[in-house]
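Keep in mind that what you see is a predicted model, and the values were worked out from it rather than measured. Excluded from the calculations below are hydrogen atoms, water molecules and symmetry mates; all remaining heavy atoms, backbone and side chain alike, are included. Counting starts at 1 for both ligands and their atoms, in listed order.
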Amino acid sequence: MLKATRVSDPEVYSIVADELSRQEHNIEMIASESTAPLEVLELSGCIFTNKTTEGYPGARFQAGSQVADRIENLGIERAKKIFGAEHANLQVYSGSTANYSVYSAILNPGDTVLSMRLDQGGHLTHGSPVNFLSKVYNYIFYGVDPKTEQIDYDGVESIAAENKPKLIIAGGSSYPRLIDYERMSKIAKKADAYFMVDMAHIAGLVAAGVIPSPVPYADFVTSSTTKTFCGPRSGIVLCKAEHAKKLDKGVFPGAVGSIHLNTVAAKTFSLRYVATPEFRKIMEQVVINAKKLAEELTSYGFRIVSGGTDNHIVLVDLRPKGATGKIFQNALEKVGITVNKNMIPFDPESPFVTSGVRIGLTSISQRGLKEPEVIEIAAIMNQVAKAPENLANLEACKIKAEELIAKFPLYPVGSFED
Ligand code: DSN
């Protein structure tokens, strides 16, 4: 691994080696994480890193871009095919810049955007007051029904009718349920608004056909290419053909500079990988494992927000166990299980404390863990919750967690040996 760096900069090499070891020995359950295939790691650092290119295939600002055109065109074709999209743009750097690109394509300063509240499942880039775009656009928000903890579609409809937003956004970072895209798109049409879906968290499940796709219903679909997509740290935007020109201008020069061709190459690989039966099986197991975890944790007295999950996320209300998200996250970290504290709908705690944790099942499913192991993880979590600040308890849980994950290598053994 990192043959050149190991010799020339042992300090950086050893930090990267420590991170590999951390990932190998921990049960990684951050919902926005996954394990990139070796090809993605290779391609993310490939020779395209050296090439500067701006513009689009066939119309570049820099000479020597013919090879770059080939990789970008291949990626675009694969993206259109796998998602059934009319147009695709691979130049965005992340899910965040994917969102900024759509805003840049269709919005003017002061325009109204209707999106989901961050503390009920949305995302920082959908108008949070701490994001700079909240100074540019007028964001207003919808939320979940307090009883079902699922999107209050009637509420969305009445807010849209009253405020006439130019854009309505669905999708986010901690919503564990399916979204009724058809209903949302009808609401948008009625309000004469564009409809955008941010599928960053669920893109892999969508690509594998395990959950419904927003592509037929949305004007724009944005995504990061990590999370369930299991690709490089980057992004993608899809749209209807009628918006293609606007979108491409919104991306470049609207929101990004020169293309990260190395990650375009890695995304292009991923866009083939996510169409394989092997990937589909993993995504199916992700959903099975998530449902199993929700069921097991419920049996131990945890409360699962919305009563369950349809995707890779289990959002847990810790109040019945007398813990906060901060306490539980820190205790699990000591045990070798990595999750993140997360707001739950109508959370009385601050975002720095929270009443919940968000648990993702993608990485462990990629490593081959199935229902029997998920049952063990839930039991460890329950034991942690009983005494989250008791070091002897945490040490006993750590031994169990280490034994469990040691049976499932992060990458095939020998992958990083020279
Ligand atoms: N939005 C953050 C998350 O969901 O964890 C990072 O992508």
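- Using a 4.0 Å heavy-atom cutoff, E33 is absent from the residues neighbouring ligand 1.
- Classification of K281 and E284 as a salt-bridged pair fails, no side-chain N sitting under 4.0 Å from a carboxylate O.
- Judged by the 6.0 Å distance and 45° axis criteria, K321 is positioned over the aromatic ring of F302.
- Judged by distance alone, the side chain of D347 and the main-chain N or O of I344 form a donor-acceptor pair under 3.5 Å.
- Counting only heavy atoms of the protein, atom 4 (O) of ligand 1 lies nearest to H201 NE2, 2.7 Å.
- The ligand atoms of ligand 1 that sit less than 4.0 angstrom from a heavy atom of K227 are 7 (O).
- Listed by atom number, the atoms of ligand 1 under 4.0 Å from H123 heavy atoms are 1 (N).
- With respect to D310 and R177, a salt bridge is recorded, a charged nitrogen being found less than 4.0 Å from a carboxylate O.
- For R233, no heavy-atom contact with ligand 1 is shorter than 4.0 Å.
- For a threshold of 3.5 Å applied to N or O pairs, the pair formed by S173 and ligand 1 contains no separation below that value.
- Between the side chains of H201 and H312, at least one donor N or O sits under 3.5 Å from an acceptor N or O.
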